[in-house]
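Structure record follows, encoded as structure tokens.
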Amino acid sequence: MAVKALKFGGTSMANAKSIAQVRDVVIADKEARYVVVSAPGKRDSSDIKVTDLLISLYEAEKSKKREIMDIIERRFTDIISGLALDVDFSSEFDKIYSNAMSGASYDYIVSRGEYLSAKILAPFLGYEFIDATEIIRFKKGVLDSEETQKLAYARFAQTKKAVVPGFYGLDEKGEIKAFSRGGSDITGAIVARAVHAYIYENWTDVDGFMVCDPRIVKDPAVIEMVTYRELRELSYMGASVLHPEAVFPVNVAGIPINIRNTFHPEAKGTMIVKYEDILRGKFKRKENVITGIAGSKHFVGIFLEKQMLNNEVGYCKALLDVLYENNISLEHMPTGIDTVTLVIDPVEDSVLAEAVATIKERCNPTTLEVDKGLALIAVVGHGMSRMKGTAVRVCKALSEADINIRMIDQGSSEMNIIVAVEDADYEKAIQSLYNEFIK
Ligand code: ASP
């Protein structure tokens with residue numbers, strides 16, 4: 001029988017009402033057999049996520065821990081009574097509190113939100129509870145995919161319906177180890193792969209990925225289908241609905257991800273698929289030139305000029321060495337005959353000053369200018385490859401909006417064009433590109 005893995009995020013698990021909606025989604029779907037959950041998130045914009053409360057519990061002095069633990073306990077007891085569930089968490093709470101008082105690790109404490117969340121959803125759905133400690137292993141600080149896959153595969157073979165807490169597993173010493181924030185998405189992907197799901201549904205509180213930032217463009221369209229590669233290009237520039245590491249376990253297994261909205265289950269959401277599967281006709285989408293537009297501000301441009309630069313062997317290497325020594329990440333490096341531009345991630349002033357001084361000393365440029373206010377915008381889509389005129393349209397849209405392009409870069413994959421504009425032009429640039437390609 002076809003099987004789905006579903007992951008519900010923090011807002012879906014935030015209170016009794018939203019958890020009842022989670023149940024509606026699961027019950028309505030016979031294929032929805034393996035469920036991963038986050039800890040309860042914010043009930044409204046001024047609320048605090050349980051994971052953040054747990055971090056405060058860990059960080060607080062001993063004398064303050066009781067007060068914070070009470071708030072955490074109330075979050076869960078409100079949910080339990082709201083769902084009229086017959087479960088008693090007093091011994092779970094006592095254990096967490098006494099462990100917190102006796103110096104339990106950060107990873108153990110932060111993982112308890114997901115643990116209790118799953119302990120609620122499992123009986124509420126009538127599903128088995130499988131602890132993440134049974135299936136997820138870390139080695140040397142990172143996920144041990146092979147061992148995890150083996151354990152998870154064997155464990156799920158014994159159960160038809162289960163709820164698993166997201167976000168953590170065990171390290172080689174048998175201690176709890178958590179993923180980075182948002183890591184329940186990774187657990188969901190691991191479970192999807194282990195149960196051979198044909199789809200990994202990631203249920204959140206938005207209808208899917210937007211074509212661009214809704215804080216800039218009013219009501220942008222939802223992307224119906226995006227490829228893993230396009231998503232990489234888009235997420236790298238700041239669109240964050242899904243943990244980037246969640247892509248790997250399902251991508252290798254060829255399982256598509258479907259981003260869905262618990263509070264608007266009628267919406268189809270965004271499908272994330274392999275490009276090859278579109279080419280092979282397994283998935284169909286309306287072929288737009290552009291799939292999405294994403295960007296971010298405050299990059300730094302270091303513009304260098306030196307006579308006869310193109311004859312100098314090793315000049316770029318010397319520049320990159322300086323970045324490497326100062327732990328600075330390079331985004332782009334367009335070059336001219338006698339010029340090089342380094343576009344780097346935002347860095348502290350002191351680090352930038354040190355790097356610039358070393359470049360002047362070692363590389364001896366005729367001119368060197370630094371601009372700390374660059375915005376990078378990626379216009380992304382497989383639809384543009386092997387097609388003429390996309391760069392023209394990007395430039396025309398920006399020029400008509402009276403925006404100067406400081407840099408332009410197109411990778412050889414031809415699936416993205418990256419432009420740099422002044423920070424002040426960023427929002428206007430996104431809007432004009434949206435109008436040109438999507439509206
Ligand atoms: N609860 C964790 C966080 O807030 C993990 C997750 O929800 O994915 O980051």
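Excluded from the calculations below are hydrogen atoms, water molecules and symmetry mates; all remaining heavy atoms, backbone and side chain alike, are included. Counting starts at 1 for both ligands and their atoms, following the listed order. In this chain, residues are counted from 1 in sequence order.
Separation of the Y106 and Y58 ring centroids falls under the 6.0 Å cut-off.
No N or O atom of K7 sits closer than 3.5 Å to an N or O atom of ligand 1. In terms of N/O distances under 3.5 Å, ligand 1 is not approached by D185. Here's the thing with G182: one of its N/O atoms is less than 3.5 angstrom from an N/O atom of ligand 1.
R181 NE, 3.2 Å is the protein heavy atom nearest to atom 3 (C) of ligand 1. In this structure, atom 5 (C) of ligand 1 lies nearest to the protein heavy atom E114 OE2, 3.3 Å.
Annotation for V217 and I430: closest pair CG2-CG2, 4.1 Å, computed over non-hydrogen atoms. Looking at every heavy atom in both residues, I176 comes nearest to D107 through O-CB, 3.4 Å. Across all their heavy atoms, T11 and K42 have their closest contact at CG2-O, 3.7 Å.
Those atoms of ligand 1 that come under 4.0 Å of a heavy atom in F167, given as number and element, are 2 (C), 5 (C). In summary, the atoms of ligand 1 found under 4.0 Å from a heavy atom of S38, numbered by their order in the structure, are 6 (C), 7 (O), 8 (O).
Close to ligand 1: G183, with a non-hydrogen atom less than 4.0 angstrom away.
Evaluated by nearest non-hydrogen atom to atom 6 (C) of ligand 1, the leading choice among G188, S184, S180 is S184.
The side-chain tip of K177 points at the ring of F138 from less than 6.0 angstrom away and within 45° of straight on.
Although no hydrogens or angles enter the test, the distance criterion places a donor-acceptor pair under 3.5 Å between the side chain of K65 and the main chain of A60.
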All N/O donor-acceptor pairs, side-chain side in residues 267-276, below 3.5 Å, sequence neighbours left out:
residue	atom	partner	partner atom	Å
T270	OG1	F209	N	2.8
T270	OG1	I223	O	2.7
K274	NZ	N251	O	3.3

